[in-house]
Amino acid sequence: VSASGDSRPRPVADPVTAPFWEATRRGVLMVQTTRSDGALHWPPRSHAAPEWNEQLEWAEHSGRATLFTYSVVHRSPHAYMQRPYVLAIVELEGGAHMVANIVEANEAELEIGMPLELTWVPLDGGERLPVFRPLTAASCMG
Amino acid sequence: VTGEVALVGAYESPTRRAGGRHPFEIHAECIRGALEDAGLSIGDVDGFCTAAGEAGEGGAYSDLFDVADYLGIGASWFDSTEVGGASPIQQAAHAAAAIAAGRAEVVVVSYAGCPKSWPIEPLFWDGLTFPAGVGQFEIPYGITLIGSYAMVAQRHMHEFGTTSEQLAHVSVACRENAALNAHARFRDPLTVEDVLASPLIASPLHLLDCCPLTDGGGAVVLTGKQIARDTHKRPVWILGHGDELSGLSLTRIPRLMTTPTKGAAQRAFRMAGVSHDAIDCAQVYDGYTIMVAMSLEDLGFCEKGEGGPLVASGAIAAGGSLPINTDGGGLSSNQPGKRGMFNLIEGVRQIRGEGPGAQVEGCKTALVHGLGGFFSAASVMILGAD
């Protein structure tokens, strides 16, 4: 169990996804992109779905996102989640959708479309899980 | 297939709590019941379909072998398509194609699940439960099936103004039908206020927006028109069918909330050559109330985004313009996991005038709908009277 009290399942990385998880150790969010249009692709794959006509390359992401949708989960079979928690889909700056949690937020302030910023939850193996929190005025100026 | 293949036997076990019975025993009960209904015997059967590898279904990786072994069934044509709740409908469609092609004469499609009393997990992991593959980017966030559909509901509300009150009408309509069905799991009166007052499981979905799990099973028998003429009851014809495959990851939810039901329905209506006005009742997959509102949009019964007002309008209730889930649906009658089987059986019963819940008077054409996974696969079948 990590310092935060989380013992979330440690991801089983594979050759395609390993660069993503390795970068999380350094606090860097890596997302695949296609060279021609700069489009983001998530989750990591061996090829650029759905067209299959381009190579994917890794790019560092700003960690800025907006809230696409969410649910406050009150009942869950996952013992590693402290309830209630906010399950979300965020839209990363640049377009791709990512499943995530929203942390450091009151339910009342959650609003679809709200700006978010990246933060991390430590995992047992030293990797970190990207999660998001409301973008504050202070972090905007920073 | 259209007009060539019929459903000639249908049986739903009255079981809702199996009390430790093995699901394979319920398969046997259902197959016997469906064959008796058709006036056929086990010796007439040369095709068999089932999927039994999910929790509570008793099988494992080799689920078709497991069930066939227990039942002592051999077959020269068989199918174990596993697409969750859509599986039985899609298997029936495969069987119809096989019969039309002369590959099989009499096919049984069977299903049983006891997730309440026989909740043994199968011996494999999938992407929804294991942090590998796509799961490594979803499971660590505490993803749940209800949470996933809840996020869809939240987005639908944002995009189209759908309300929890509108969605609650789905549960209420199903309960009114279940009240008439002696075997339905829940039959007590239910109001919109009751749904809204029930605990939030994953906002905005309440406990009574979600279908409860039951133990149960069912089977249908399909055959071609030659044999169908000699069966006990008037055949119920398969007029059209369509499927569509998507994926499992939540990141696939499109901005405009279109689901695979849309493509499946377009194919089914095109093949059947009937209009939406001809549909006398629809058995719509109802794992969660939001599923019904969105599926009615994608089935083509209203515009995208109008599912909320449609379900709240009274149209879906018995006596409305489009009665749905006339047996009480998964929300109030029966849902061990692959509800598609009961939607199919209820479609047959409605056309025969044998509905155990709310029977639609003079029902000639019925639509049945299955969904599997997380809007991952959809199957739509249109049935017609003899």
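It should be emphasised that the depicted structure is a prediction, and the values quoted were computed from it without experimental measurement. Per chain, numbering begins at 1; letters A, B, ... match sequence-line order. Side chains are part of it too, since the values below use all heavy atoms of this structure and drop only hydrogens, waters and symmetry mates.
Interface remark: A:Pro130 contributes backbone and side-chain atoms alike to the contact with chain B (heavy atom separation under 4.5 Å). At a 4.5 Å heavy-atom cutoff, the contact between A:Phe68 and chain B is made by backbone and side-chain atoms alike. Only the side chain of A:Arg45 comes within less than 4.5 Å of a heavy atom of chain B; its backbone N, CA, C and O stay farther away. Looking at A:Tyr70, both its backbone and its side chain come within 4.5 Å of chain B, counting heavy atoms on both sides.
Checking side-chain atoms of B:His158 against main-chain N and O of A:Thr69 turns up no donor-acceptor pair under 3.5 Å. Of the possible donor and acceptor atoms, one in the side chain of A:Ser71 sits under 3.5 Å from a partner among the backbone N and O of B:Ser203. Of the possible polar contacts, none joining the A:Arg75 side chain to the B:Ala202 backbone as a donor-acceptor pair under 3.5 Å is found.
Counting heavy atoms from C-beta on, the side chains of A:Leu87 and B:Ile143 come closer than 4.5 Å.
For residues 34-44 of chain A, the pairs satisfying side-chain hydrogen bond (donor to acceptor under 3.5 Å, both in side chains) are A:Thr34-A:Asp37, A:Thr34-A:His41, A:Arg35-A:Glu57, A:Ser36-A:Glu54, with sequence neighbours left out.
Identified by a heavy-atom distance below 4.5 Å to chain B, the contributing residues of residues 91-104 of chain A are A:Glu91, A:His97, A:Met98, A:Val99, A:Ala100, A:Asn101, in residue-number order.
Listed here is the closest heavy atom pair of B:Thr144 and A:Ser76: CG2-OG, 3.7 Å.
Considering only residues two or more places apart in sequence or on other chains, B:Glu297 meets the side chain to side chain contact (heavy atoms under 4.5 Å, CB included) condition with B:His156, B:Met294, B:Cys302, B:Lys304. Contacts of A:Trp21 classified as ring pair (Phe, Tyr, Trp, His ring centres under 6.0 Å), with partners at least two apart in sequence or in another chain: B:Phe137.
Of the listed residues A:Ile112, A:Ile89, A:Thr17, A:Val73, the one with more heavy-atom pairs under 4.5 angstrom with chain B than any other is A:Ile112.
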Exercise for the section: Apply side chain to side chain contact (heavy atoms under 4.5 Å, CB included) to the pair B:Gln136 and A:Val12, showing each step before the final yes or no. Expected result: CA-CA 7 Å; B:Gln136 71 191 276; A:Val12 181; 5.9 Å; no

Handout entry: Verdict with supporting geometry, B:Ile201 and A:His74, side chain to side chain contact (heavy atoms under 4.5 Å, CB included)
Key = CA-CA 5 Å; B:Ile201 303 297; A:His74 296 271; 6.0 Å; no

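Each of A:Val121, A:Val131, A:Val86 was evaluated against B:Tyr141; a single residue qualifies, A:Val131, per the side chain to side chain contact (heavy atoms under 4.5 Å, CB included) test.
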